[in-house]
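Notes for the one structure printed next.
Start at 1 and go down the list; that is how both ligands and their atoms are numbered.
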Amino acid sequence: MRSRPATRTPLGQLLAQRIRESGPLTFAEFMRECLYNPEHGYYSRAEGRRFADFYTSVDVHPIFGRLLARQLAQMWERLGKPQPFCAVEAGAGAGRLAKHVLDFAARELRGFYAALRYVAAETSAARRAAQAAMLGPHLEAGRACSAAELPAEIPAGCIFSNELLDALPVHRVVHAQGELCELYVGLDGEEFCEQPGPPSTPALAEYFHAQGIGLVEGQQAEAGLAACDWIENAGRRLGRGFLLTVDYGHEARELYNERHMRGTLLAYEQHRASEDFFRAPGERDLTAHVNFTALDLWGRRAGLERTGLVSQAWFLLALGQGNEFADLYDEGQSEAGRVRARLLLKNLIYPEGMGETFQVFIQHKGVESPHLTGLEPF
Ligand SMILES: C[S@@+](CC[C@H](N)C(=O)[O-])C[C@H]1O[C@@H](n2cnc3c(N)ncnc32)[C@H](O)[C@@H]1O
């Protein structure tokens, strides 16, 4: 049976109409619409389908948020315990990670909690609305608030995200006949199709040049210009403190090596990944691996320095081993519950789970060579 043409979803129809009227779209524009169109975008809807297509470390066990809270509390100490300390979570979704961090801080890190101003920043109004139920007591205590975007000024604190940057739009390019070409989204009858053309912006060539990357003949790649803008913009808003990014990705030399000749862009639906990016626009998640080298370079433009890059397994083990992962357990938990918690932790730290796929990248600004437990050998 032939599936319905891609142009038949409500968003597909809108995008097809735009292409008929004004010509092909850059893939970044197509992806932006698929994920963030205010009415039909994948992330604009409430999280009704959560777990249907993917789950993140936050969903595995609260230990991820609890250990992150310990790292944030240490950052607060390294900054001289400022009041307030702004913990700004970008792409906070419905507020699950915020709840884990805040609940743990309120219970175990009281001094830090008293100084904390947690901003759960989320563009999607539907997801932001869900934060009220998730964060109730912390909102009432004045320790947390929801926001549509990052605060304009963050005098002292940490801006952090989990799986945000892989969901920012990317341009697609191919190196063909010695030239850098862009891969646009065009129309072939009722289907979207790939359409090569000259680069839509000189920023594409500059992006690869700045990182010393030369693609080989026939190689396809993504250029995450939106992630570069995001990190530079976030860095400028930060007075003193840290930027912490958890995501899957690589340094540029690995991201653009011969193992990734077709790039890393994937469409996700019901936990299945495919390269069929054009199917059902607005109904599937689209993601590309994060380029940590680019985050470092563009962060420097805003005064951010590289603190370190480690795997998620390293980060969690380094933070958890201090008290032998006692933070894993809830008060009064049964032995069966404790065994289950230990099994879930393995998913977060084992190489074949999320442990080695996900990386933790930390940058700092206005702090002298900070030592952070999450980056230290254990
Ligand atoms: C892949 S989801 C991750 C959600 C959450 N961090 C988690 O771990 O479950 C990315 C989220 O980032 C949000 N988002 C995208 N761009 C954003 C931006 N510039 N500022 C704030 N949120 C953004 C999306 O609406 C979406 O909810």
Select one of side chain, backbone, both or neither to describe which atoms of R96 lie under 4.0 Å from any atom of ligand 1, heavy atoms only.
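R96 to ligand 1: no contact under 4.0 Å from either part.
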Of all the atoms in ligand 1, which lie at a distance below 4.0 Å from a heavy atom belonging to [X]?
X	result
L164	12 (O), 14 (N), 15 (C), 16 (N), 17 (C), 23 (C)
V58	8 (O)
Y36	15 (C), 16 (N), 24 (C), 25 (O)
A121	21 (C), 22 (N)

> Mind checking whether E163 has an N or O less than 3.5 Å away from an N or O of ligand 1?
Replying inline: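 Between E163 and ligand 1 (N or O atoms, distance only) the closest approach is not under 3.5 Å.
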Those residues that, when tested against W230, pass ring-ring contact (aromatic ring centres under 6.0 Å, His included) (two or more places apart):
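So W230 forms no ring-ring contact (aromatic ring centres under 6.0 Å, His included) with any residue.
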message = Going by the closest heavy atom to atom 5 (C) of ligand 1, which one wins out of A125, S57, A126, G91?
response =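 Comparing heavy atoms across A125, S57, A126, G91, the nearest one to atom 5 (C) of ligand 1 lies in G91.
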Check your understanding: Of the listed options (V88, L150, T123, D229), which comes nearest to atom 17 (C) of ligand 1 when hydrogens are ignored and any heavy atom counts?
Key ->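 Result: the heavy atom closest to atom 17 (C) of ligand 1 is in T123.
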message = If you compare all heavy atoms of A294 against all heavy atoms of C228, which two are closest, and at what distance to 0.1 Å?
response =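 Distance-wise, the nearest heavy atoms are CB-SG, 4.0 Å.
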Walk me through it: do E335 and R342 pass the test salt bridge (Lys or Arg N to Asp or Glu O under 4.0 Å)?
CA-CA 11 Å; E335 187 46 35; R342 285 197 288 276; 3.3 Å; yes
* Inspect the contact between D296 and R300 and indicate whether a charged nitrogen and a carboxylate oxygen are less than 4.0 angstrom apart. =>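 Answer for the salt bridge query: yes.
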task: Identify whether the distance between the nearest side-chain nitrogen and carboxylate oxygen of E275 and R262 falls below 4.0 Å.
output: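 R262 and E275: salt-bridged.
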Below 4.0 Å from any atom of ligand 1, is there a heavy atom belonging to E149?
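Contact absent.
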- Query: So, is the end of the R66 side chain (NZ or CZ) under 6.0 Å from the ring centre of F104 and within 45° of the ring's axis?
  - Reply: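 No - R66 does not lie over the ring of F104 by the 6.0 Å and 45° rule.
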Centroid separation under 6.0 Å, is that true for the rings of F30 and F192?
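Yes - the distance between ring centres of F192 and F30 falls below the 6.0 Å cut-off.
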